[in-house]
Amino acid sequence: MKRCLIPISCVLCTLLLVACGLLGGGDTQEGVPCQLYFRESDLYDSAGGDIFRTETMYLEEDLDTQAQVETLLEALLEGPRSEFLSSVIPAGTSLLSAQVTGSRALVDFSAGYGALSGVRLTMADYAVTLTLTQLPDIAVVRITVQGQELAYRDRQLFTARDVMLSSEEDVVGTVEAGLYFLNQDGVLTEERKILDLYEGDTQVMAVARALEQGPETRDLSASLPDNFRIKTLWLEDDTCYVNLSSAQLRQAEAGVPLDTSLQALSRSLCTLDTVAEVRFLVDGELADLHTGEETPVQGNEEIS
């Protein structure tokens, strides 16, 4: 699957700028430093295709994640202070809403954002994503226009990893898998996807990561609780071992029952040809985690 929409040199240059501190800053350098992502005003100055540049702003230290997201987005829409930078978001675009749900930021812009397409849309999506995912509590960004997804996008959920690994050369393989999410009736439903594998990835890691990111189909919703993260997982013969945190299990939100989440994990992993059975561990110890039935979750057992 080709995703080489922005030269990887753009991202590498941006990261170097951030690391070296060659960034703009406000007069008052107090609070939590964050980067706002823009582009060169004169693209002829972007030698080698390096487009993204950043400016530093400082967030008040007592802001919660919701307020941080709103503040960053409003600053991004205001545009850069430097005359040598330009916004990748159309002038006149306004923020209609920004909702933080677990590790996801759900961002809704006015109609101006919907005028974007092609590379310009990709740049805007990634500028928003890179700006928000630098916050420690935000891992995934979803961007809509007046409450609607842009149907001509090839994806609806964005992570910083997507941007940094946007070159075709970074993809070392693909795997087809079925990911189980909740339909409108609360029933686990399969969403088939071709998942990219990067260097160091395993198939089971790719499935778990995609399940954590949530569905792309509009009528499906996440089958894992917000902020749910798998500590480690690995494959031995045809058995996949999934290691979870006891602290996280205690804090699992009531929105998605734990047994449903475990079943979604098990069924998704077992769509891989290499996985015949799933066993769960808690803090490294084998555990009988149940799905509400009398037997622990293993293999492709059904939810009654």
Side-chain angles (χ1 to χ4, degrees), residues 1 102-104 139-140 157 159 161-162 165 170-183 186-217 220-253 256-304:
M1 179 186 299
S103 61
R104 300 180 190 178
V140 181
L157 299 173
T159 69
R161 182 183 177 90
D162 297 328
L165 297 176
D170 293 310
V171 179
V172 298
T174 60
V175 61
E176 182 175 3
L179 305 175
Y180 280 85
F181 300 107
L182 295 172
N183 66 15
V187 177
L188 286 175
T189 302
E190 186 184 57
E191 178 184 76
R192 299 298 297 184
K193 284 193 66 176
I194 303 295
L195 306 178
D196 289 337
L197 300 174
Y198 302 99
E199 185 174 355
D201 258 350
T202 64
Q203 292 184 358
V204 294
M205 289 169 58
V207 167
R209 183 171 63 244
L211 201 64
E212 288 176 347
Q213 291 176 357
E216 293 186 352
T217 303
L220 298 180
S221 60
S223 54
L224 299 182
D226 292 328
N227 289 323
F228 188 92
R229 290 293 180 269
I230 298 169
K231 291 182 66 175
T232 53
L233 76 167
W234 65 92
L235 191 64
E236 292 183 12
D237 296 325
D238 59 0
T239 299
C240 180
Y241 292 88
V242 180
N243 185 27
L244 304 173
S245 163
S246 59
Q248 188 178 71
L249 292 179
R250 288 193 299 269
Q251 297 172 0
E253 297 185 10
V256 180
L258 180 60
D259 56 353
T260 301
S261 298
L262 297 179
Q263 188 67 23
L265 268 169
S266 179
R267 294 175 68 175
S268 299
L269 289 166
C270 284
T271 63
L272 297 172
D273 293 337
T274 54
V275 178
E277 181 182 34
V278 174
R279 295 186 178 180
F280 289 91
L281 301 88
V282 176
D283 297 334
E285 299 291 334
L286 281 172
D288 288 345
L289 296 179
H290 294 263
T291 65
E293 301 173 325
E294 294 186 357
T295 55
V297 180
Q298 293 181 348
N300 278 322
E301 295 170 342
E302 299 290 335
I303 295 180
S304 57

[X] side, atom [atom1]; [Y] side, atom [atom2] - distance, nearest 0.5 Å:
X    : Y    : atom1 : atom2 : answer
R267 : L211 : CZ    : CG    : 12.0 Å
L188 : L220 : CG    : CG    : 10.0 Å
L281 : L286 : CG    : CG    : 4.5 Å
C240 : R279 : SG    : CZ    : 11.5 Å
R104 : L157 : CZ    : CG    : 6.5 Å
D259 : S266 : CG    : OG    : 12.5 Å

Flag, side chain of [X] to backbone of [Y], donor-acceptor distance under 3.5 Å:
X    : Y    : answer
D283 : S246 : yes
T159 : A139 : no
T174 : L195 : no

Minimum heavy-atom separation for [X] and [Y], please, with both atom names.
X    : Y    : value
F181 : A222 : CD2-CA, 4.3 Å
A264 : S268 : O-OG, 2.7 Å
A177 : V207 : CB-CG2, 3.8 Å

* Asked: Going through the distances and angles, do E191 and K193 end up as a salt bridge (charged side-chain N to carboxylate O under 4.0 Å, His left out)?
  -> CA-CA 6 Å; E191 178 184 76; K193 284 193 66 176; 5.2 Å; no
* To do: I would like to know whether F280 and L262 meet side-chain contact (heavy atoms from CB on, under 4.5 Å); could you show each step before the answer?
  => CA-CA 9 Å; F280 289 91; L262 297 179; 3.7 Å; yes
* To do: State, with a plain yes or no, whether a side-chain heavy atom of T189 is found less than 4.5 Å away from one of L182.
  => no
* Could you check if a side-chain atom of I230 sits within less than 4.5 angstrom of a side-chain atom of L265, using non-hydrogen atoms only? => yes
* Would M205 and L233 satisfy side-chain contact (heavy atoms from CB on, under 4.5 Å), going step by step from the backbone distance to the final call? -> CA-CA 7 Å; M205 289 169 58; L233 76 167; 4.1 Å; yes
* **Y241: ring pair (Phe, Tyr, Trp, His ring centres under 6.0 Å) partners, not counting sequence neighbours** => W234
* Asked: Residues in side-chain contact (heavy atoms from CB on, under 4.5 Å) with Q203, at least two apart?
  -> V175, L197, L272, T274
* Asked: Is it the case that more than 12 heavy atoms not belonging to E236 sit under 6.0 Å from its CD atom?
  -> yes
